[in-house]
Structure formats: structure tokens, C-alpha cells
Amino acid sequence: PILYSYFRSSCSWRVRIALALKGISYDLVPVNLIKDGGQQFSAEFKALNPMQQVPALKIDGITLTQSLAIINYLEETHPNPRLLPQDPKKRAQVRMIADLIASGIQPLQNLSVLKQMGEKKMEWAQNCITSGFQALEQILKHTAGRYCVGDEVSIADLCLVPQVANAERFKVDMGPYPTVTRINKALLELEAFKISHPSRQPDTPAELRA
């Protein structure tokens with residue numbers, strides 16, 4: 001497999017976690033979203049992903065884009081360890097939380113949107129994340145065990161950790177979200193989350209390396 005990734009991309013990080021959890025080794029091709037006006041806009045990369053976004057994963061003779069689609073493919077082809085609970089209600093809760101983050105928070109504060117916000121980008125990102133986290137905190141009070149849904153790591157957790165990192169980058173006050181904070185801390189102790197961390201990627205700038 002070949003993963004096209006950017007060290008700081010939260011969507012790429014979700015996929016790196018999934019690959020690590022499932023023990024799938026891969027080659028990483030860095031795509032710098034800032035350098036050269038954004039390497040994702042090159043003709044070469046556009047041929048790979050017409051949306052000109054990371055991640056993209058070449059695997060099993062196909063190229064997949066969109067992080068949740070990639071993770072679901074990995075779940076179906078490499079079912080152990082599972083990232084979706086067997087219980088249909090818990091499975092739905094996992095998908096609900098993953099969608100809340102992947103559709104309701106992350107796209108509103110990603111690079112392409114922030115570029116359009118100009119000087120207001122910090123305030124905009126904080127507002128988007130805060131409103132999403134207010135909802136997420138309430139939901140997690142009902143679904144969480146050690147992790148987002150019960151005590152098994154799921155796709156919801158793969159979305160949560162990178163989003164908390166974004167929140168910290170945009171200086172969001174995490175005080176009002178104790179459940180989010182607790183789960184994030186527990187997940188960051190797991191090896192798959194450590195090795196996939198933005199501070200430990202081949203394309204991480206020297207000053208941001210762990």
C-alpha cells in the first residue's frame with residue numbers, strides 16, 4: 001500500500017491510526033499542503049485524487065480517497081482488530097460520532113476554508129470546533145466507557161484524537177469538555193496513536209518533531 005499523507009492533516013492521521021492498529025505496513029508519500037502553493041494542486045496529484053485532498057491510499061489495485069471510506073475498506077478487508085462494534089446500536093453510535101467530527105467539525109476548519117477567512121481564521125476555527133465539541137461532550141456522556149463508545153477502540157476514536165489536536169492548535173479552551181479530554185488522553189497512550197502522531201512522520205518539520 002502507498003499512503004499519500006500530510007503530517008498535520010487530521011484526515012490523514014485517522015487513516016495512519018487505522019493502518020497502525022491493523023498492522024498494515026505501507027509506503028508513505030508526503031504531499032505538502034502549503035509548499036509550492038500546495039502540492040495537492042499538482043496535475044499529478046489531481047489525477048490521483050480529483051478532490052485534491054489528502055489522504056489517498058493505493059491498495060489492492062485501487063486508489064481510495066476520503067478517510068472514512070478508506071477506514072471502512074480496511075475494516076472490511078482486515079477485520080482484526082475490529083473498529084466497529086458487533087452490537088448494532090453501538091455500531092450506529094460509532095458512526096454517528098465519526099460523522100459528527102468528519103462532517104460537522106473538521107471540514108469547517110480545514111485549510112481550504114481557513115484560507116478564505118483571512119484575518120478571522122483563528123476566531124472562525126475556534127467557533128466551529130467549540131460548537132461541535134459542545135454537542136460531542138453531551139453525546140459522549142451517554143456513549144463513553146474508556147473510549148468514545150464503550151471500552152473498545154473504534155472509528156469514532158480515530159476521528160476524535162486528530163480533532164482534539166486541531167482544537168489545541170487553534171487554542172480552544174478544553175476546560176468545558178472533560179469527557180473529550182479524558183478519552184483523548186487514554187487514546188494517546190496507545191502505541192498506534194503514538195506512532196501515527198503528526199510529530200513522528202517522515203515529513204514532520206524538524207522543529208515540530210517529538
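This one's a predicted model, so the numbers in the text were calculated from it and none came from an experiment.
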- Tyr73-Asp60 side chain donor-acceptor pair, cut-off 3.5 Å: yes
- Item | Inter-residue atom distance Leu19.CG - Ile71.CD1, 0.5 Å rounding | 8.5 Å
- Report yes if the side chains of Val113 and Leu108 come closer than 4.5 Å at any heavy-atom pair, otherwise no. no
- Flag, side chain of Asp157 to backbone of Ser154, donor-acceptor distance under 3.5 Å: yes
- Gln163 pairs by side-chain hydrogen bond (donor to acceptor under 3.5 Å, both in side chains) with which of Arg14, Glu168, Gln109? Gln109
- Task: Might you point out which heavy atoms bring Pro81 and Leu21 nearest each other, and give the distance in Å?
- Result: CD-O, 3.3 Å
- Minimum heavy-atom distance Thr204-Pro198, with the two atoms named: OG1-O, 2.5 Å
- Message: Counting only heavy atoms from other residues, nucleotides and ligands, does the tally under 6.0 Å from NZ of Lys90 exceed 12?
- Response: no
- Message: Do the side chains of Glu75 and Arg95 get close enough for a salt bridge, i.e. N-O under 4.0 angstrom?
- Response: no
- Message: Taking the side chain as everything from C-beta on, heavy atoms only, tell me whether Gln66 gets closer than 4.5 Å to Gln53.
- Response: yes
- Message: Ignoring hydrogens, what is the shortest heavy-atom contact between Gln201 and Ile195? Give both atom names and the distance.
- Response: NE2-O, 3.2 Å
- Query: Would you say the side chains of Gln86 and Glu152 form a donor-acceptor pair under 3.5 Å?
  - Reply: no
- Please test Phe41 against Asp36 for side-chain contact (heavy atoms from CB on, under 4.5 Å), starting from the C-alpha separation and ending with a verdict. CA-CA 9 Å; Phe41 300 122; Asp36 310 325; over 6 Å; no
- Message: A side-chain contact here means heavy atoms from C-beta on lying under 4.5 Å apart; do Thr130 and Tyr177 qualify?
- Response: yes
- Task: Please tell me if the side chains of Trp13 and Arg8 come closer than 4.5 Å, counting only heavy atoms from C-beta onward.
- Result: no
- Which atom of Ala144 lies closest to which atom of Thr179, heavy atoms considered: CB-CG2, 4.3 Å
- Query: Would you say the side-chain atoms of Gln39 pair up with the backbone N or O of Asn32, donor to acceptor, closer than 3.5 Å?
  - Reply: yes
- Message: Are Met174 and Tyr147 connected into the same hydrophobic cluster when the rule is that any two of I, L, V, M, F, W, Y join if their side-chain heavy atoms are below 4.5 Å apart?
- Response: yes
